[in-house]
Number of protein chains: 2
Amino acid sequence: MSLIFSRQCEYALQAVLYMSAQPEKRFTNIVEMSDRLGIPMPFLGKTLQLLVQKKILQSQKGPKGGFKLAKVADEIALFHVVDAIDGTEFLTSCVLGFPECSSKNPCPMHSEWGRLRDRVYQMLANKTIADISKEISGSRQLRTKLKLV
Amino acid sequence: MSLIFSRQCEYALQAVLYMSAQPEKRFTNIVEMSDRLGIPMPFLGKTLQLLVQKKILQSQKGPKGGFKLAKVADEIALFHVVDAIDGTEFLTSCVLGFPECSSKNPCPMHSEWGRLRDRVYQMLANKTIADISKEISGSRQLRTKLKLV
DNA sequence: CATATATCAGACCTTTCCATCTGAAAATAG
DNA sequence: CTATTTTCAGATGGAAAGGTCTGATATATG
């Protein structure tokens, strides 16, 4: 199964996007998010705890508690979320799996793959949650998809 | 863990590359390949069997038996190997993991990610085993890496 | 203060992927 | 034909990712 992000990372991205579409001060709880996004509730809890530890989210216990962004949305790049969950190994590891592959000792795909990987990184690093949030609020279709009102 | 190809797929690519650097008619056995490439022997066996079923490799039992390419190296694109092991789900599935994401119902990343994914596909589909094999034989360093003589 | 509602922490179960083991079947060499 | 060398096929074991459960802890509200 070749994929890009782990499932947990997809969940994290979806949840962060969902929260970014909520009013600034509101704490959104896991029940609501797991329900709307179709993500297993306890697993989503674990996942968001990781983002709290990495200071991407802020949490509050008790009634009216839940999670919200710890910074303004345009200071959170997609890359921050990906890094928090999946790490950055994909930026350095060899496509072909050669352990000794490096720029000084490149595998046959090294430079060509490097250019593509850089583009992926650029996209993740430049695109902020705010950028995407704007697209969402500008499109009725996207709001529907994300089950937003 | 965000990666591109499964470990098994990496093994398959490495082994195919190794075989492409061998004389045309020679069958290379698993003992030699697992040894040189540092891949667990029985698992490599399973893996190469898959490639035989997909007509990418040809196998022969008994002494002097082993595996070799089933076609000439410039008719085997990297994509064929990847498809045989990991499948093509990564070409169609949503980066953010939204199940309903499609071109008619795109997620916020859909088009931007689509362009990158196309580049990955182009690279895999255009690059043949022969191309890489040429690079290898042209570079002493690469031959050493692949433990070729 | 008491109660209800939420996250938090840790143990646990399940599934998938990676890897091993065993014996059979086929092909070569003597 | 026999012995050896290889792949082939299926069952089994182990590790990691995905997912669940339980109880503890904090907080808002009446």
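Letters A, B, ... are given to chains in the order of the sequence lines, protein chains preceding strands, and every chain is numbered from 1.
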**Message:** Is there a side-chain contact between Tyr11(A) and the phosphate of dG19(D), meaning an N or O under 4.0 Å from OP1 or OP2?
**Reply:**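 Yes.
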**Asked** Would you say Gln8(B) reaches dA19(C)'s phosphate, i.e. side-chain N/O to OP1/OP2 under 4.0 Å?
**Response**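 Checking dA19(C) against Gln8(B), no side-chain N or O comes under 4.0 Å of OP1 or OP2.
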For the side chain of [X], counting heavy atoms from C-beta on, which of [options] is nearest?
| X | options | result |
| --- | --- | --- |
| Arg7(B) | dT20(D), dC21(C), dC18(C) | dC18(C) |
| Ser6(A) | dG18(D), dG19(D), dT6(D) | dG18(D) |
| Phe43(A) | dA28(D), dT20(D), dA26(C) | dT20(D) |
| Val52(B) | dA27(C), dC8(D), dT20(C) | dC8(D) |

**Request:** State whether the distance check finds a donor on one side and an acceptor on the other, under 3.5 Å, for side chain Lys46(B) versus base dG10(D).
**Result:**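 Checked by distance alone, the answer is yes.
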**Request:** Identify, between Pro63(A) and Ser59(B), the residue whose nearest nucleotide on DNA chain D lies closer to the 5' end.
**Result:**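 First, find each residue's nearest nucleotide; the 5'-ward one identifies Ser59(B).
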**Item:** 5' priority, DNA chain D, between Gly62(A) and Gln49(B) [closest heavy atom]
**Value:**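 Taking each residue's closest nucleotide, the earlier one in sequence belongs to Gln49(B).
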Sugar-phosphate, base or nothing in reach of [X], heavy atoms under 4.0 Å:
| X | value |
| --- | --- |
| Gly66(A) | sugar-phosphate |
| Phe27(B) | nothing |
| Ile30(B) | sugar-phosphate |
| Pro42(A) | base |

**Item:** Close side-chain approach of Thr47(A) to Ile85(A), heavy-atom, < 4.5 Å
**Value:**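 When only atoms from C-beta onward are counted, Ile85(A) and Thr47(A) do touch, with a gap below 4.5 Å.
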**Prompt:** Has Lys71(B) got more than 12 heavy atoms of other residues, nucleotides or ligands less than 6.0 Å from its NZ?
**Reply:**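 More than 12 heavy atoms, drawn from other residues, nucleotides or ligands, come within 6.0 Å of this atom.
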**Request:** Check the surroundings of atom CZ in Arg119(A): do more than 12 heavy atoms from other residues, nucleotides or ligands lie under 6.0 Å from it?
**Result:**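 For Arg119(A), atom CZ is not crowded (no more than 12 foreign heavy atoms under 6.0 Å).
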**Request:** Please report the C-alpha distance between Glu32(B) and Arg26(B) in whole Å, then the side-chain angles of each, then the deciding distance to 0.1 Å, and finally whether the salt bridge (charged side-chain N to carboxylate O under 4.0 Å, His left out) criterion is met.
**Result:** CA-CA 13 Å; Glu32(B) 176 183 336; Arg26(B) 180 178 181 231; 2.4 Å; yes
**Request:** For residues Phe79(B) and Tyr121(B), establish whether the separation of their ring centroids is below 6.0 Å.
**Result:**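 Between Phe79(B) and Tyr121(B), the centre distance is under 6.0 Å.
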**Asked** Gly65(A) or Gln53(A): which one's nearest nucleotide on DNA chain C is closer to the 5' end?
**Response**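 It is Gly65(A) whose nearest nucleotide is closer to the 5' end.
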